[in-house]
J.: 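Got a structure here, written out as structure tokens. Questions coming.
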Amino acid sequence: MDPQPKPRPERAERYRPQEIEPRWQRRWADDRLYEASIDPARKKMYCLTMLPYPSGDLHIGHWYAMTPSDARARFKRMQGANVMFPIGFDAFGLPAENAAIKRNVHPKEWTYHNIQAMRRQLRTMGAMWDWRREAVSSDPEYYRWTQWFFLKLWEHGLAYRKEAPVDFCPSCNTTLAREQVQGDDRHCERCDTPVIKKRLAQWFFRITNFADALLDFSKIDWPERVRTLQTNWIGRSEGAEVVFKTEAGHPIPIFTTRPDTLWGATFMVLAPEHPLVEKVTSAEQRAAVSEYVEQTLRQSDIQREAADKEKTGVWTGGYAINPVNQERIPIWIADYVLMTYGTGAIMAVPAHDQRDFEFARRYALTVRPVIDTGEPLVGDGAAMPAATVERGTMIDSGPLTGTPGEQAIARTVAWIEQNALGKRAVSYRLHDWLISRQRYWGAPIPMIHCAMCGPQPVPEPTLPVLLPDDIEWRPTGESPLKYHPTWKYVACPSCGGGAERETDTMDTFMCSSWYHYRYLSPHWNDGPWDPRELEYWTPVDIYTGGIEHATMHLIYTRFFTKALHRMGLVPFDEPMLQLRNQGTILGEDSEKMSKSRGNVVAPDKLVAAYGADAVRAYLMFFARWEQGGPWSSTGIEGVSRWLQRVWSLVVDEAPAATASPEGERALRRRLHQTIQRVTRDFEGFEFNTVISSLMELTNALIAARSAGLGTSAAFVEGVEALLLMTAPVAPHLAEELWAFQGK
RNA sequence: GCGAAAGUGGCGGAAUUGGUAGACGCGCAAGAUUCAGGAUCUUGUGGCCACAAGCCGUGGGGGUUCGAGUCCCCCCUUUCGCACCA
């Protein structure tokens with residue numbers, strides 16, 4: 001090291017981020033510094049942050065998600081990894097269509113205009129985006145492959161069409177999107193009529209085929225919270241399916257987790273929508289049953305599923321036969337039984353299930369204990385205060401009477417199977433993924449309906465099925481594609497006869513399930529990706545974004561990759577090896593930021609006032625990243641002052657030198673402690689302590705310089721290391737000072 | 001109701017493995033500079049106490065230990081998740 005200070009180039013003496021930041025951003029772009037290319041000699045690192053929806057304005061939440069992710073990607077790059085950090089837009093979706101209806105702008109125009117604006121804002125972050133890899137999900141060259149994947153899923157039996165209930169307004173005579181149904185009484189947003197559920201043929205993906213695979217997190221390092229959310233969402237229960245029969249002989253399969261209580265079933269309950277309700281209802285009960293069913297159909301799921309609600313139901317007049325003891329038991333309908341879980345029918349065992357117990361008490365139905373839990377038993381159950389749900393010895397249970405609690409379920413299941421009354425079964429809360437949207441601004445589902453041949457896939461070479469631009473906005477609630485004068489009419493690819501295109505589009509979560517693959521080669525025309533890029537870069541090494549997607553995007557994308565793996569398209573079955581979630585940034589009043597509250601923090605203004613580096617550093621400093629917290633306008637000034645101090649540390653002349661081997665030793669010690677801590681904390685996404693360690697080092701260097709060590713080797717080393725460690729956080733400042741020092 | 005996590009100054013938050021609690025920053029106070037304000041710099045800043053000494057102090061109560069923010073038990077509070085899932 002040269003102990004003499006270098007002659008300093010003419011340069012502004014004050015730190016002016018607004019002047020240096022655009023200059024370095026241009027320079028990095030000109031040098032193609034962050035364009036990542038395949039390099040087998042280096043360790044690759046695919047760093048991914050969730051792609052934004054092009055709402056038209058980048059808010060502070062985007063900065064909070066993206067800039068610390070960028071800092072970590074930069075840290076990895078400085079450690080020698082070949083880092084790819086791409087960006088793109090999740091560009092299909094409802095807001096574009098709403099803008100079209102409200103303001104008469106075409107969704108395409110609205111979307112691409114917003115993308116332009118957001119690209120500009122994204123550039124001000126000073127992030128190491130590899131713009132060559134940018135992908136926009138509404139580009140035909142993108143959705144061509146979204147459609148292609150749909151066809152692959154169809155070919156492999158993972159896509160299917162089935163009737164499913166949708167919200168329907170009986171007055172407007174149309175289906176409604178979820179957002180168009182309002183209020184507790186679930187009324188139509190246009191005419192205030194309460195909506196009803198209507199069955200409509202829609203497309204599904206068989207995500208339930210992967211339910212057990214999705215419960216296995218052993219290959220990925222994802223936060224516990226997300227794993228719990230997904231596990232609960234999938235909701236796996238083990239038990240048995242047992243087939244009851246109506247008196248007329250119609251089978252009624254039921255699912256139970258407590259087959260050991262079969263002998264205690266004193267009635268059955270069907271969901272009001274259950275297809276057998278019609279058949280079992282007696283003439284005398286028909287009126288009461290119809291009324292109850294209609295009433296239920298109007299209720300929202302939330303109302304229906306409120307646990308504290310008093311249980312209601314109606315007897316159908318029909319009876320079923322319990323297959324284990326041939327007992328004749330009444331069949332009821334009640335809305336506490338859900339058509340969407342299990343088989344939509346239950347055996348009710350009031351003695352050992354609290355819900356059945358409450359129902360039985362209300363309607364004076366028999367309660368018969370068949371499990372001895374050690375509590376004093378009351379013969380016929382009439383005096384039980386509540387259901388006993390614990391395991392215990394089976395009593396009054398025919399051939400299995402006396403079976404101890406630990407073996408009760410296993411033995412009963414074996415007995416059921418031997419006697420062909422049912423079988424071991426697993427039930428999930430997770431349902432198949434409904435991907436049909438009665439909307440325009442999405443990827444058209446590439447299927448053709450032929451009256452002769454049934455649903456036919458659009459032939460691959462003719463993809464993409466392009467969205468027509470000339471669309472009329474009618475307030476129908478149905479896909480505008482349906483009303484296009486010509487678009488849907490095509491020849492059947494199989495028989496050549498007249499046929500119609502599917503007019504629904506795909507859920508945008510389909511587009512975002514695979515975007516990390518399109519980033520590899522966004523303009524590749526021979527497939528969804530360039531296989532060489534796939535081989536080198538995937539899977540994603542680190543994924544960052546909000547936890548609000550835990551049971552949507554983050555489940556869908558795992559399903560998607562597992563499906564691709566099963567089809568042999570990718571060699572792994574998890575898309576992202578490591579996941580980290582940032583918290584939420586609140587307004588200065590500790591409330592959620594919202595325009596109506598007026599507590600929104602605009603990053604553009606902050607950049608103008610303090611520079612991107614200060615915004616980046618403050619977002620990393622003010623709270624634990626996973627936790628988030630309220631914004632502070634004075635807090636960012638503190639961080640800005642720190643950057644000013646780093647600036648003057650490098651730029652200002654040092655005072656007269658004094659030799660101090662002791663002081664140098666202490667400084668080196670501090671430096672190496674800092675290096676160790678900063679490395680460890682970057683590794684663990686603990687950005688707040690990265691910054692505080694850097695502040696401490698800065699303060700120590702300032703103190704050392706005042707003490708006369710400003711020209712010592714230890715000081716020069718310290719400043720150099722400080723700039724290197726600051727670079728991921730405040731890249732523009734670090735570049736400028738590095739250049740200033742003539743490095 | 002069930003499950004999980006967390007409670008540290010006026011505030012955001014630090015404290016590898018049990019080893020000087022409160023790093024770093026905000027705020028506040030005093031001083032310097034300034035016509036003034038702002039900005040900047042210096043010093044101080046957990047509580048009690050005039051100061052020092054000293055004592056107290058990591059939600060509350062008990063315990064283990066030479067030593068507890070950290071480990072164990074009970075209670076309180078907050079946040080998050082699930083919530084008729086048969």
Side-chain angles (χ1 to χ4, degrees), chain A residues 14 223-242 254-259 261 265 268-271 301-313 334-350 352-359 387 389 425 427-431 547-548 550-551 583-584 586 588 590 617-618 620-642 644-645 648 673-674 676-677 680-681 684 686 688-700 702-703 706:
Chain A
R14 282 193 48 221
E224 161 107 48
R225 272 182 77 197
V226 175
R227 299 199 314 260
T228 307
L229 280 164
Q230 294 201 345
T231 303
N232 290 343
W233 186 257
I234 293 165
R236 184 182 202 274
S237 313
E238 286 186 24
E241 190 173 298
V242 181
I254 59 104
F255 174 76
T256 177
T257 55
R258 291 296 302 276
T261 64
M268 287 193 82
V269 187
L270 305 183
D301 293 347
I302 296 158
Q303 283 174 322
R304 248 187 93 169
E305 292 175 14
D308 50 1
K309 201 185 79 171
E310 193 156 3
K311 292 175 181 34
T312 61
D335 64 2
Y336 81 92
V337 173
L338 309 172
M339 197 57 223
T340 51
Y341 185 77
T343 62
I346 62 162
M347 64 163 184
V349 183
H352 305 297
D353 181 286
Q354 187 57 27
R355 297 155 298 182
D356 299 344
F357 181 84
E358 286 165 23
F359 194 81
V389 297
S427 190
Y428 301 92
R429 214 182 73 118
L430 180 75
H431 299 138
I547 198 165
E548 65 274 14
T551 56
T584 312
L586 303 170
E588 203 144 15
S590 295
Y618 180 65
M620 287 178 232
F621 178 66
F622 83 99
R624 280 182 51 203
W625 193 56
E626 313 82 65
Q627 199 178 295
W631 176 262
S632 159
S633 50
T634 49
I636 190 172
E637 303 215 359
V639 166
S640 176
R641 275 195 281 274
W642 166 55
Q644 306 264 8
R645 288 205 303 279
S648 54
Q673 278 171 349
T674 307
Q676 194 179 28
R677 294 205 320 236
R680 183 194 66 201
D681 292 347
E686 317 226 336
N688 56 337
T689 46
V690 166
I691 308 287
S692 62
S693 297
L694 292 175
M695 286 173 167
E696 286 183 77
L697 179 61
T698 306
N699 295 346
I702 289 170
S706 323

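Chain A is the first sequence line, chain B the second, and so forth, proteins listed ahead of strands; every chain is numbered from 1.
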J.: In the 5'-to-3' direction, what one-character label does each nucleotide of nucleotides 2-17 of chain B receive under the scheme B = base within less than 4.0 Å of a protein heavy atom, S = sugar-phosphate only, - = no such atom?
T.: ----------BSS-B-

J.: Select from N232(A) and T634(A) the residue whose nearest nucleotide in RNA chain B is closer to the 5' end of that strand.
T.: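 Counting from the 5' end, the first nearest nucleotide belongs to T634(A).
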
J.: List for me each residue that meets side-chain contact (heavy atoms from CB on, under 4.5 Å) alongside S648(A), sequence neighbours excluded, and say none if there are none.
T.: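 For S648(A) the side-chain contact (heavy atoms from CB on, under 4.5 Å) partners, ignoring immediate neighbours, are D652(A).
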
J.: Are T256(A) and I346(A) side-chain neighbours, meaning at least one heavy-atom pair lies under 4.5 Å?
T.: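 Sidechains of I346(A) and T256(A): no contact.
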
J.: Roughly how many Å is it from CE in M695(A) to P in rC26(B), rounded to a whole number?
T.: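 Going from CE in M695(A) over to P in rC26(B) covers 7 Å.
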
J.: Consider the side chain of K311(A), meaning its heavy atoms from C-beta on, and name the nucleotide among rC26(B), rA86(B), rC84(B) that approaches it most closely.
T.: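 My answer, after comparing the listed nucleotides, is rC84(B).
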
J.: Mind calculating the distance between OH (Y336(A)) and C1' (rA83(B)) to the nearest angstrom?
T.: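 That distance rounds to 16 Å.
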
J.: Testing the basics here: between S632(A) and G635(A), what is the closest heavy-atom pair and its distance to 0.1 Å?
T.: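 The pair with the smallest heavy-atom distance is OG-N, 2.8 Å.
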
J.: How many Å lie between CZ on R677(A) and P on rC24(B), as a whole number?
T.: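 Nearest whole value for this atom pair: 10 Å.
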
J.: Separation of W631(A) atom CH2 from rG25(B) atom C1', in whole Å?
T.: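 Going from W631(A) (CH2) to rG25(B) (C1'), I get 14 Å.
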
J.: Any side-chain heavy-atom pair from M695(A) and I691(A) closer than 4.5 angstrom?
T.: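 Yes, close enough: below the 4.5 Å cut-off.
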
J.: S237(A): which residues meet the side chain to side chain donor-acceptor pair (under 3.5 Å) condition with it, sequence neighbours left out?
T.: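 Partners of S237(A) by the side chain to side chain donor-acceptor pair (under 3.5 Å) criterion, ordered by chain and then number, come out as Y341(A).
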
J.: Using distance alone, with no hydrogens and no angle criterion, decide if N232(A) and R429(A) have a side-chain donor and acceptor under 3.5 Å apart.
T.: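 No, because no side-chain N or O of N232(A) sits under 3.5 Å from a partner of the opposite role on R429(A).
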
J.: Could you tell me how far apart M339(A) (CE) and rA86(B) (C1') are, to the nearest whole angstrom?
T.: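 So the CE-C1' distance, M339(A) to rA86(B), works out to 13 Å.
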
J.: Just wondering, do V269(A) and Y336(A) contact through their side chains at under 4.5 Å, heavy atoms?
T.: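 Y336(A) vs V269(A): side chains touch.
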
J.: Identify whether NZ of Lys or CZ of Arg in K311(A) sits under 6.0 Å from the centre of the six-membered ring of F359(A) and within 45° of that ring's axis.
T.: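 No.
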
J.: Sequence neighbours left out, what pairs pass salt bridge (Lys or Arg N to Asp or Glu O under 4.0 Å) with at least one residue falling in residues 620-639 of chain A?
T.: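 Qualifying pairs: R624(A)-E626(A).
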
J.: Syn or anti for rG9(B)? Use the chi torsion, O4'-C1'-N9-C4 for purines and O4'-C1'-N1-C2 for pyrimidines, with syn inside 90° of 0.
T.: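 Syn conformation for rG9(B).
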
J.: Do the side-chain N and O atoms of S633(A) and E588(A) include a donor-acceptor pair separated by under 3.5 angstrom?
T.: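 Distance-only check passes for S633(A) and E588(A).
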
J.: Which stems does RNA chain B form, counting runs of 3 or more consecutive Watson-Crick or G-U wobble pairs with both distances under 3.5 Å?
T.: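 Counting only runs of 3 or more consecutive pairs, the stems involving RNA chain B are B:1-7 with B:76-82, B:10-12 with B:24-26, B:27-32 with B:40-45, B:46-48 with B:54-56, B:59-63 with B:71-75.
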
J.: What integer distance in Å separates Q230(A):CD from rC82(B):P?
T.: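 Rounded to whole Å, this separation is 12 Å.
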
J.: Does F621(A) reach the side chain of W642(A), with side-chain heavy atoms less than 4.5 Å apart?
T.: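 When only atoms from C-beta onward are counted, W642(A) and F621(A) do not touch, as no gap falls below 4.5 Å.
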
J.: N/O contacts under 3.5 Å, protein versus nucleotides 37-41 of chain B?
T.:
residue: rU40(B); atom: OP1; partner: R641(A); partner atom: NH1; Å: 3.1
residue: rU40(B); atom: OP2; partner: R641(A); partner atom: NH1; Å: 3.4

J.: Any base atoms under 4.0 Å from N699(A), or only sugar-phosphate, or nothing? Heavy atoms, all strands.
T.: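 Since only primed, P, OP1 and OP2 atoms lie under 4.0 Å of N699(A), the category is sugar-phosphate.
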
J.: On RNA chain B, compare the nucleotides closest to D353(A) and W233(A); which residue's is nearer the 5' end?
T.: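 The answer here is W233(A).
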
J.: In terms of side-chain heavy atoms of E696(A), which of rC84(B), rC24(B), rA86(B) is nearest?
T.: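 Per side-chain heavy atoms of E696(A), the pick is rC24(B).
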
J.: What nucleic acid atoms does L229(A) come within less than 4.0 Å of, heavy atoms only: base, sugar-phosphate, or nothing?
T.: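 Answer is sugar-phosphate: L229(A) comes under 4.0 Å of backbone atoms only.
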
J.: I'd like to know if R677(A) and E696(A) make a salt bridge, using a cut-off of under 4.0 Å between side-chain N and carboxylate O.
T.: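 Between E696(A) and R677(A) there is a salt bridge, with a charged N closer than 4.0 Å to a carboxylate O.
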
